[in-house]
Q: 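To start, I am sharing the structure in question, which I have written as structure tokens.
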Amino acid sequence: MIGFILFVIGAVFGSFLNVVIYRLPRKMSIVNPPSHCPVCGERIKPYDNIPILSYIILRGRCRNCGAMISPRYTIVESIVAFSFLFGYLRFGLGVEYIGFVLLTLLLVPIAFIDLDVMLIPDSIAIPGIVIGLLVGIFRGFVVQSFLGGVAGASTILFFYYVGKLIYKREAMGLGDVRIGALIGAFTGWAGWLISLVIAAFLGSIYGILLVRIKGGDLKNEIPFGPFLAMGGYAVYIWGSSILKLFQI
Ligand SMILES: [Zn+2]
């Protein structure tokens with residue numbers, strides 16, 4: 001029952017994050033105007049704006065004009081809803097859980113905004129670093145958390161300058177420095193390094209698939225934020241087991 005309630009709360013938060021992901025990079029107000037269909041402009045009725053459910057009931061179409069609505073919104077809502085539920089099953093209700101929920105609410109908009117516009121939003125990432133350090137204090141993890149933040153920022157900075165030297169272009173955005181610091185603050189320095197390895201691994205697979213499918217070489221930069229987010233997310237959940245594996 002608690003799990004179900006948390007799932008619903010997560011879906012509602014996910015719905016709000018959809019608005020943030022769409023409007024923040026466009027510098028639009030988060031509260032106004034209310035949600036509307038991007039095709040016909042019809043305002044979406046409250047009963048058609050229920051996270052996840054409405055999409056299924058309306059079979060992904062606008063009630064007014066029948067235009068297809070991107071499944072993205074429902075995907076984001078599901079990620080957050082399942083995270084709220086899964087975190088509860090993994091950590092129970094406590095400071096670890098609150099940390100996990102906060103990490104989800106920070107990483108989901110950062111990853112999707114980076115995916116859309118190749119930009120890490122400062123207004124989420126910088127408060128996110130502070131939140132990560134605060135969670136570290138409450139988890140009795142303060143030194144690790146601080147070192148993690150420093151390690152996260154400095155490794156990305158290192159790759160940024162090395163990339164510039166070797167490839168004469170920016171292989172990595174400076175925005176990634178902030179997301180590195182954020183993930184490090186949440187996972188500690190050892191956790192950060194594992195996050196980075198996971199991110200590099202997933203990013204390479206994505207890059208190879210992209211070349212295979214689209215052909216040619218990788219002219220377009222791949223946003224690294226979503227992969228870092230996935231790495232940090234996995235490490236927060238399974239980090240203690242992974243670290244035991246390497247006996248760190
Ligand atoms: Zn419509």
Side-chain angles (χ1 to χ4, degrees), residues 3-88 100-125 127-128 173 175 179 202-203 206-207 209-210 212-215 219-230 233:
F4 177 72
I5 294 167
L6 292 170
F7 182 87
V8 173
I9 295 171
V12 173
F13 270 102
S15 185
F16 170 71
L17 289 184
N18 272 320
V19 179
V20 173
I21 292 164
Y22 185 80
R23 296 189 183 178
L24 193 69
R26 293 172 177 82
K27 303 210 178 347
M28 292 161 72
S29 157
I30 300 295
V31 281
N32 267 310
S35 307
H36 56 85
C37 167
V39 177
C40 69
E42 177 84 357
R43 194 173 153 181
I44 295 166
K45 310 273 188 310
Y47 55 81
D48 282 340
N49 210 0
I50 305 160
I52 305 173
L53 267 186
S54 290
Y55 188 81
I56 298 168
I57 293 168
L58 294 171
R59 287 195 216 90
R61 289 174 182 282
C62 165
R63 189 188 285 277
N64 188 47
C65 69
M68 296 280 278
I69 292 161
S70 162
R72 249 277 292 269
Y73 302 107
T74 303
I75 293 170
V76 169
E77 284 156 5
S78 305
I79 292 173
V80 182
F82 279 106
S83 297
F84 273 51
L85 169 63
F86 181 76
Y88 167 63
F100 180 66
V101 160
L102 290 171
L103 184 67
T104 305
L105 296 178
L106 291 163
L107 287 183
V108 167
I110 287 176
F112 279 93
I113 290 173
D114 193 24
L115 200 65
D116 285 349
V117 294
M118 301 275 281
L119 207 111
I120 306 283
D122 276 350
S123 51
I124 302 175
I179 184 173
L202 294 175
Y206 177 79
L209 287 176
L210 209 65
R212 278 280 161 87
I213 294 165
K214 290 192 173 170
K219 287 200 186 75
N220 295 325
E221 276 182 61
I222 300 171
F224 198 45
F227 300 106
L228 282 175
M230 283 189 254
Y233 194 76

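For this chain, numbers begin at 1 and follow the sequence in order. Start at 1 and go down the list; that is how both ligands and their atoms are numbered. Treat the numbers as computed from the prediction; the structure is a model and nothing was measured.
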Q: For residues G225 and I120, report the shortest heavy-atom separation together with the two atoms involved.
A: CA-CD1, 4.3 Å
Q: Considering only heavy atoms from C-beta outward, does the side chain of I21 approach that of I113 to under 4.5 Å?
A: yes
Q: I'd like to verify the contacts: list protein N, O or S atoms under a distance of 2.8 Å from the Zn ion (ligand 1).
A: C37 SG, C40 SG, C62 SG, C65 SG
Q: Among F82, F86, Y88, F84, which one satisfies ring pair (Phe, Tyr, Trp, His ring centres under 6.0 Å) with F7?
A: F82
Q: Under the side-chain contact (heavy atoms from CB on, under 4.5 Å) test against F13, which residue among T104, L105, V76 passes?
A: L105
Q: Residues two or more places apart in sequence or in another chain: which of them pass side chain to side chain contact (heavy atoms under 4.5 Å, CB included) with I30?
A: F16, V19, V20, R23
Q: Which atoms form the tightest heavy-atom contact between S54 and N49, and what is the distance?
A: OG-N, 3.5 Å
